[in-house]
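Everything below concerns the one structure shown next.
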Amino acid sequence: MKKLLIFLSSRKGWIAPYILFASIFVIIPLLLILVYAFTDDNGVLTLGNFAKFFTHSEAINTFVYSIGIALITTFFCILLGYPAAWILSNSKLNRSRTMVVLFILPMWINILVRTLATVALFDFFSVPLGEGALIFGMVYNFIPFMIYPIYNTLQKMDNSYIEAAQDLGANPVQVFLKAVLPLSMPGVMSGIMMVFMPTISTFAIAELLTMNNIKLFGTTIQENINNSMWNYAAALSLIMLLLIAATSLLSTDDKDNSNEGGGLW
């Protein structure tokens, strides 16, 4: 007991609550997914759950479609979010921090409330719900997660690089392409991760904005869980986690390569 108290009072003991939290809410759930994914209903080891996915054309089509929706959503979030982040970070165009709060404010509201508000907006203007409404809702819900990391990177950028590019005779387009864009790529990659990954796994937005007529991969997992097909749902979840992990590794490699470049030019 005395050794435990000494450990908890030391600096190393400060990490104990985080280890406990990670064990309960991260490590144990991941282990359960692994166990269920590689076993059948009787607890026997099997690869049948994965074979079922690769031989089930509807599940594969839903998976590919979800990736496509995630890519489209990420593209529009970059297209709209980068200029917004640049305007917010530019002191000549934005002198009030209130504008930053207004852009970040939607993140403080529950995503289901925002989605229901989007449904009400489409109903008010008599716009039919479907794929267009789904992409609109995805972009609306996730664009703050693209704006903030890019804004944070641009805000901390050393303006001496921009001044140096201007002194060397670069025009505004060249300054952006050669200086601003490369320096802001860590924020862009963070934004892509924060938008792309949750878009693949979401299901509530698709159900509400398409009247459950369009299924995403997250919807397929949810349906299998509701039907008590835990093993197959765990295998689908593991496949999705592997995709997310691969995306994370690729983005990390891109950051490392950009940092090793040694220069902007």
Side-chain angles (χ1 to χ4, degrees), residues 56-90 93-94 96 98-151 187-227 233 236-237 240 243-244 247:
H56 193 191
S57 59
E58 183 180 351
I60 294 177
N61 292 336
T62 302
F63 183 62
V64 174
Y65 181 80
S66 300
I67 294 176
I69 291 293
L71 290 173
I72 293 173
T73 301
T74 304
F75 170 76
F76 279 110
C77 284
I78 295 175
L79 189 65
L80 300 174
Y82 198 103
W86 184 76
I87 292 173
L88 291 175
S89 63
N90 194 322
L93 300 175
N94 176 40
S96 174
T98 305
M99 289 295 296
V100 180
V101 176
L102 291 177
F103 272 89
I104 306 302
L105 189 62
M107 297 175 63
W108 302 348
I109 303 173
N110 186 276
I111 192 170
L112 290 178
V113 175
R114 283 181 278 158
T115 304
L116 289 172
T118 306
V119 174
L121 181 66
F122 275 83
D123 289 340
F124 179 79
F125 289 104
S126 300
V127 178
L129 299 177
E131 190 174 63
L134 173 61
I135 295 174
F136 178 89
M138 290 284 196
V139 173
Y140 167 67
N141 278 291
F142 292 110
I143 195 171
F145 297 98
M146 181 65 71
I147 293 176
Y148 185 72
I150 298 176
Y151 162 78
V188 174
M189 294 306 302
S190 298
I192 290 174
M193 293 296 298
M194 295 175 68
V195 172
F196 181 78
M197 292 193 297
T199 304
I200 296 177
S201 59
T202 187
F203 60 89
I205 298 176
E207 291 181 358
L208 293 172
L209 289 176
T210 66
M211 302 299 291
N212 210 19
N213 292 322
I214 295 178
K215 291 200 318 183
L216 298 181
F217 200 62
T219 307
T220 303
I221 296 174
Q222 182 211 20
E223 289 177 349
N224 282 281
I225 292 175
N226 292 339
N227 294 327
L236 297 179
S237 301
M240 185 179 64
L243 174 65
I244 292 172
T247 306

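Of the inter-residue distances, the one linking Ile69 atom CD1 with Thr199 atom OG1 reads 9.5 Å to the nearest 0.5 angstrom. The structure places CE of Met146 at 10.0 Å from OG1 of Thr73, a figure rounded to the nearest 0.5 Å. The distance from the CD1 atom of Ile143 to the CZ atom of Phe76 is 11.0 Å, given to the nearest 0.5 Å. Here Thr115 contributes atom OG1 and Leu208 contributes atom CG; the two are 6.0 Å apart, rounded to the nearest 0.5 Å. For the atom pair Ile205 CD1 and Leu116 CG, the distance stands at 10.5 Å (nearest 0.5 Å). With values rounded to the nearest 0.5 angstrom, Ser237 atom OG is found 5.5 Å from Met240 atom CE.
Counting heavy atoms from C-beta on, the side chains of Thr202 and Ile111 never come closer than 4.5 Å. For the pair Thr220 and Phe63, the minimum side-chain heavy-atom distance is 4.5 Å or more. With contacts defined as side-chain heavy-atom distances shorter than 4.5 Å, the pair Thr210/Lys215 does not qualify. Using a 4.5 Å cut-off on side-chain heavy atoms (C-beta onward), Met197 and Ile192 make no contact.
Ring pair Tyr140/Phe136 is parallel by interplanar angle, where below 30° counts as parallel and above 60° as perpendicular.
Contact between Asn110 and Leu112 at its shortest, heavy atoms only, is OD1-N, 2.8 Å. Contact record, Pro149 with Pro144: CD-O, 4.4 Å, taken as the closest heavy-atom pair. The two atoms that bring Ala233 and Ile225 nearest to each other are CB-CG1, 3.6 Å, heavy atoms only. Taking both residues in full, the closest heavy atoms of Arg114 and Asn141 are given as NH1-O, 3.0 Å, listed atom of the first, atom of the second, then distance. Between Phe142 and Cys77 the shortest heavy-atom distance is C-SG, 4.2 Å.
Counted within 6.0 Å of OH on Tyr82, heavy atoms from surrounding residues, nucleotides or ligands total more than 12; the atom is thus considered enclosed. Counting non-hydrogen atoms of neighbouring residues, nucleotides and ligands closer than 6.0 angstrom, the CZ atom of Phe145 exceeds 12 such neighbours.
A donor-acceptor pair under 3.5 Å links the side-chain atoms of Ser66 to the main chain of Phe217, judged by distance alone.
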For Ile221 and Phe203: C-alpha separation, side-chain torsions, deciding distance, then whether side chain to side chain contact (heavy atoms under 4.5 Å, CB included) applies. CA-CA 9 Å; Ile221 296 174; Phe203 60 89; over 6 Å; no

Go through the steps to decide whether Leu216 and Ile200 satisfy the test side chain to side chain contact (heavy atoms under 4.5 Å, CB included), and finish with yes or no. CA-CA 7 Å; Leu216 298 181; Ile200 296 177; over 6 Å; no

